[in-house]
Amino acid sequence: MDGTKSPEATAPPLRARSSSHVSHVDVGFFDQTGVQELRKTLSRHQADAVPPGSQLESYATSMQTVDNEKALAPGRFNFEQTLRETVQKRTEAQIQARELGVMFRDLHVVGVGSTSSYQPTMGTIFSPSHIVQNIQDARHPPLRDILTGFEGVVRPGEMLLVLGRPGAGCSTLLKVLSNHRSDYHSVTGDVKYDSISPEDMQKQFRGDVQYCPEDDVHFPTLTVDQTIKFAAKMRTPRSRLVKSREEHIQLETDILTTIFGLRHAKDTVVGDAFIRGISGGEKKRVSIAEALAARSCINAWDNSTRGLDSSTALEFIQALRIATDVFRTTTIVTLYQAGESLYQHFDKVCVVYEGKMAYFGPADRARQYFIDLGYEPANRQTTADFLVSVTDPGARIPRAHVLSRPRTAVEFNEHFRRSTFNQLNKGDIQSYEHEFVGKEDRASAYTKSAHAEHARGTRNRSPYITSIAMQTRAVMLRRVQMMWGNKIATFLNLFSFAFQAVIIGSVFFKLKESTDAYFSRGGVLFFAILFTALATMAEIPALFAQRPIVNRHEKAALYHPFVEALALTLVDIPITFVVTVFFGVVLYFMTGLQRTAGQFFIYYLFVFSTSLVMKNWFRAVAAGVKQEPTALTIAGISILTITLYSSYVIPKPTMIGALRWISYLNPVRYSFEALLTNEYRTLNGTCTQIAPQGPGYENVTLANQVCTVVGALPGQAYVEGSRFVFLSYGFTFDNLWRNFGIVAAFGIAFFIALLAFTERNTSTYSSRPIVLFNGGRKARPASNANDEEGQKKDSKLVNDDVKVEGLALTTDIFSWQHLNYTIPIPGEADKQLLQDISGYVAPGKLTALMGESGAGKTTLLNVLAQRADFGVVSGDMFVNGQGLPQDFQSQTGYCQQQDTHVPTATVREALIFSAKLRQPQSVPMAEKIAYVDKCITLCGLEQYANAAVGTLDTEQRKRTTIAVELAAKPKLLLFLDEPTTGLDSQSAWAILAFLRNLADHGQAILCTIHQPSAELFQVFDRLLLLRKGGQTVYFGDVGQNATTMIHYFERNGARRCLAEENPAEYMLDIIGAGANATASSDWNKIWRDSHEADQLQEEIEAIHVEGRKRPPPEAAFCSEFATSWWNQLVTLYQRDARTYWRDTTYTIAKLVLNIMFGLYVGFTFFHSKSTQQGTQNKLFAIFMVTILSVPLANQLQIPFIRVRTVYEIRERPSRIYSWTALIASQILIEIPWNIFGTSILFCCWYWTVGFDTDRAGYTYLMMSVVFPLYYTTIGQAVAAMAPNIEIAAMLFSLIFSFVITFNGVMQPFSQLGWWQWMYRLSPYTYLIEGLLGQVIGHQEIHCSAVEFVTLNPPSGMTCGQYMNPFLSSAGGYLTNPNATSECQLCGLNSSDSFLKNSFNMFYSHHWRNFGFMIAFVLFNIACTFLFTYLFRIHKGSFFSRPKKTKS
């Protein structure tokens, strides 16, 4: 944190914080032991790192003396004071850390709005009005004011809290103050960072200001130590007390990991959603440590506590307080649901109301300011919640007898401008401006200080303080560490190359040196470069995943973005070398290519170099665009181009002139030429097709025979490989090094493009959230904003006036006694998650289920809702003291923490779907719809009834989740798991007030909630409190202002609850909740021995006695589901049809892919002739089209797995419909779209290639009906056994590689050898034979000039006399039958003989092939159902199931 300053650069001491109330956080809060150990390290460095005799030596010696005295002193070591003294000594030694505040005046931010609020569909996307509207929006985007008239100052060492409702402008304020302006149309006003302008800050000092988004985005395979150390390394100044750069980096890393309690996790990977790593709270602290290691002076944290429980959020804010105090940084934070203990850590607060500044001033005086304005806080309402509530007309509470109070955002702003706090704010701004702003000497000193930190070789005006070489070394090391942290992926990559090499090597095992292996030999060489070239496409998702991290590091001035691309390329060179050695050597020697050293090394040189070149190409594509789908589309087109125009599929001489230029832009084409000519230059293939031969030609010599292969010469029993290659492909070995030079030039060009794109294009495309309504129906007026602040919320919380007649109310009481739940752990003793829990949920009561993290709240909820399908459950569960009805799950509603819905469905459609399938089929549809309308009204969703669920904000999605469960008419009760997690305080209040309304109308509700505010806690009637281990601590009434619960704990020995204390936090503190907390008493034992526990058992027994006097609860329906299977299928199909119609991205991509493939392949093989090569071109025209099944199948796997996810998370546990109906609907919805797509493909492709119209019928049947049936069902069968989309794509690619390899095209049937059994199992054997036999069977072949071979007949015979016996049996024809020399022989005259001899294909098999393909389709369908059952539905072993018992 140090850098050199000249004497005049030293800032005058800033004033002490005016807000003395701010809570002090001891620096050893997280890790006291680590702080003690670190003191000795600091003491040693302060002495050892200073040169003897220097000016600093005396300071270091005195510092060491101070430390030693403190080490000997009794009591706890004050590390913070030591650091402050150290900083003071550095100042006296003219070595001082820079400090930076921010002042802003008349700040005005304008964003881009939105005029469109209708969900696009396949019907509207092509409408002229839609197109015109998009053009108008692009030319003249609608604008809106986001922030207006903001002013204030935040000094070093101060923490500012920004509060406001979602959509008010809090995030915008943080971004603008941290100098992130690119997201907005315009930013005007005066913003100063001391004497530095925003423009100079961006250009020269970008790393001194950081904006930290709420998500903790780090490289998941790096450890905590590596993550922090990298930031420290990139921002280590040249001038420092510690001589060695490495020592400085290590010391700074040790300080940060110690202060923030990360020493225990230093060697643990950070992790992400897929890689297990550190906890959420630890990730927050890593983000803080990384920001501090980057030595930023201003840090803005945007809602970084979202999703954390209150104890973890408190730790986060305490960590920020330490960082702000010790390192004199400027900290700006925005928070949701900030508790009082969090609020007390802030110096200043800014309240934002609809883009206006309602307050800016001392945090400890804000509460009274708004009370004086005429509003009062609710009972036990936290200050932060109160400040936010006054900006919500539906939540604020007016004070009685106050006649004049502000009501709108403008009025609040005007009141503040007239207040004394505004005058204090202006005075503070003027004071700051007078001291720091507009001072040339300060700006010069700051600049000089920053330049002094730059390493040698770095530009003075560069925001980066390390040189390019230093950045490259550091990022290369990080890349190696990332790969080492993900060793499995690296190993799998190597294994996949070796595996493919072994498979292909065995298919082409020991190729014969004869002409019948010429085609296969070319296939091996083509595969060698194609596979290594295309494997890099799999990197594209990973490159986009890391882009937000690189973007953040670039904004923090850690390194140039192009350095990341440079490091990746340099690190990848040795890895590519090793991988291609494995791949190339195995493939080369298994297939028996020419075994000379020169030829092998030329082969390897081109395989290796082509792999590097294509890696650069695909990486450049990913770097050049903002969206991953765009990159994948370009990459897909690239693969098709590379394959078609490499001269293997269609040789260059037969390419049409209009498209031949593409081959010159294909680097693989030059590599293929080099490999082919290198292999064939020493190969003289023994001829296996000599003409004439057979009966009557026994005594004919070679002088009168010729090989029928291209390039054969009369009288030779072999064909020169070089001549064959030249005549067939136009290739020559003389171009070898020219080709290498061209490949190298492509590689350099792609590499330069990669570096340029990476440096310039670091941002990603981010769609702005906006609620989309279903077009064609009257919808709520659209919001005029399309920026990240979202839409303003209607503050009406609950529809209290809704009449609830017809709602499924109940008098039944659900109870449980002595509930235990144990799960087996392999290799360890069974773990008990719930222990002896009893309780009940009464109608009309809102019951809270609470406890710390790990107490078993969600586990108990799942057990009670009959959703625990693993482990052993014991105990009793009753309804009215009698056994649970058979359809208990259907009579209850369960709202999960994740709001999982079909995103394109409207709110109304989601509710109708639930009502239609979960209410009995006997209920008339009109009655169901009427009930849905009541649920929509009750849940306050009338304005959003026709809005797409996927575009709603968090609060409205939560309301929709509850409404969906209510639409099922749950007779017994409603379960909710964490309904307020991730919501702001007002949204959380809205949800709980809504639940309160439901309970007041007779609904029984059991709800888990994670440490609510006092205001929210008062909403509940009853409480079930658990501690870790699933043990009951309390069950009973909460009482008015929680007095009943508080008196229970105080009566049993707990400390008194303070008047201003949150009862929810109080009770958790009492029972020892939290990582470092302990309880003074065994509260579970106290509960078991208490009068309240005995009373609970008496109440339960009374409920049972009363309930058993009534008839037992009856099942609403006898079967597992409420409606018939056919009704389920029809309803699911209707939902899927709407989804596909509205998911324009997916559906258009499907159609465009078909069109592009059809046109591309069609024009590549445009009007193929009936020559030998033309016939082969027609074969590849069919073969290449069938490869389209790979991207199409990968596409359809995505919606299949997403819909399955919705089913598994929400719909299956609720017994809404059968999984077989789901699979059937998924198959049925894909088929018409895929048939439609391939029909378009057929029209673009069939006649373009030049196939005969009179053969189009059967071809259409196979290509546009059977083919989509096959790839649809095989794609879904693979997806059925895959856990996620990525693995599904990988499995399908592996399976399809076998299908393609063994269908007789890449390697003809006669050459497959041992693998011929796979040929008969490959579905594409029959698909391609059916298509090929139909379109080119029973046709004549006419050789081109290079396909004729010349032979001489015996003396005295004409060509016809000599050859006719042979031609009559073997086929072929002569162009000069009457000649007596130089007979021009075409070895083929019938396509049937070509198909039979070369590919074992027959025209007569076409209906047999149709039957086989239908059989494969049916087999795939069966596998889809079977795999779904085996991998997704069936639980446990087939031989022994885990027991699940209830006694």
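Any value given below was found using the heavy atoms of this structure, including those in side chains, with hydrogens, waters and symmetry copies removed. Numbers for residues simply follow the sequence, beginning at 1.
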Show me the donor-acceptor pairs within less than 3.5 Å that the side chains of residues 539-546 make with the rest of the protein, sequence neighbours left out.
unit_1, atom_1, unit_2, atom_2, d
Glu539, OE1, Arg619, NE, 2.8
Glu539, OE1, Arg619, NH2, 3.3
Glu539, OE2, Arg619, NH2, 3.0
Gln546, OE1, Arg479, NH2, 2.9
Gln546, NE2, Glu564, OE2, 3.4

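- Salt-bridge check for Lys233 with Glu246: failed, with every basic side-chain N at 4.0 Å or more from each acidic carboxylate O.
- A 6.0 Å sphere centred on CG of Leu665 holds more than 12 heavy atoms belonging to other residues, nucleotides or ligands.
- Exactly one of Phe757, Phe750, Phe746 qualifies for a ring pair (Phe, Tyr, Trp, His ring centres under 6.0 Å) with Trp617. That residue is Phe750.
- Ion pairing between a basic and an acidic side chain is recognised when a charged N comes within 4.0 Å of a carboxylate O; Asp216 and Lys283 show no such pairing.
- Residues passing the ring pair (Phe, Tyr, Trp, His ring centres under 6.0 Å) test with Phe497, sequence neighbours excluded: Phe531, Phe583.
- Tested against Arg295 for a salt bridge (Lys or Arg N to Asp or Glu O under 4.0 Å), the candidates Glu252, Glu453, Glu99 yield a single pass: Glu453.
- Electrostatic pairing of Asp254 and Lys229 does not count as a salt bridge here, judged by no charged N lying under 4.0 Å from a carboxylate O.
- Identified under the ring-ring contact (aromatic ring centres under 6.0 Å, His included) test for residues 188-210, with sequence neighbours left out: Phe205-Tyr446.
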**Message:** Using salt bridge (Lys or Arg N to Asp or Glu O under 4.0 Å), reason through Glu290 and Arg552 one step at a time and then give a plain yes or no.
**Reply:** CA-CA 11 Å; Glu290 185 189 46; Arg552 181 165 56 83; 2.7 Å; yes
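- Side-chain atoms of Ser197 and Lys192, non-hydrogen and from C-beta on, do get closer than 4.5 Å to each other.
- Looking at His218 and Gln226, their side chains never bring a donor and an acceptor atom within 3.5 Å of each other.
- Distance alone, capped at 3.5 Å, places no donor-acceptor pair between the Gln471 side chain and the Tyr559 backbone.
- Here the straight-line distance linking atom OG1 of Thr580 with atom CD1 of Ile575 works out to 11.5 Å at 0.5 Å rounding.
- Distance check: Ile298 CD1 to Ile332 CD1 gives 6.5 Å after rounding to the nearest 0.5 Å.
- Going from atom CZ of Arg235 over to atom OG of Ser296 covers 6.5 Å, rounded to the nearest 0.5 Å.
- Heavy atoms of other residues, nucleotides or ligands lying less than 6.0 angstrom from NE2 of His185 number 12 at most.
- Taking 4.5 Å as the limit, some side-chain heavy atom of Phe751 sits within range of a side-chain heavy atom of Leu566.
- Ring-plane geometry between Tyr464 and His560 is classed as tilted, the angle between the planes lying from 30 to 60 degrees on a 0 to 90 degree scale.
- Cation-pi contact between Lys487 and Trp484: present, with separation from the ring centre below 6.0 Å and deviation from the ring axis of at most 45°.
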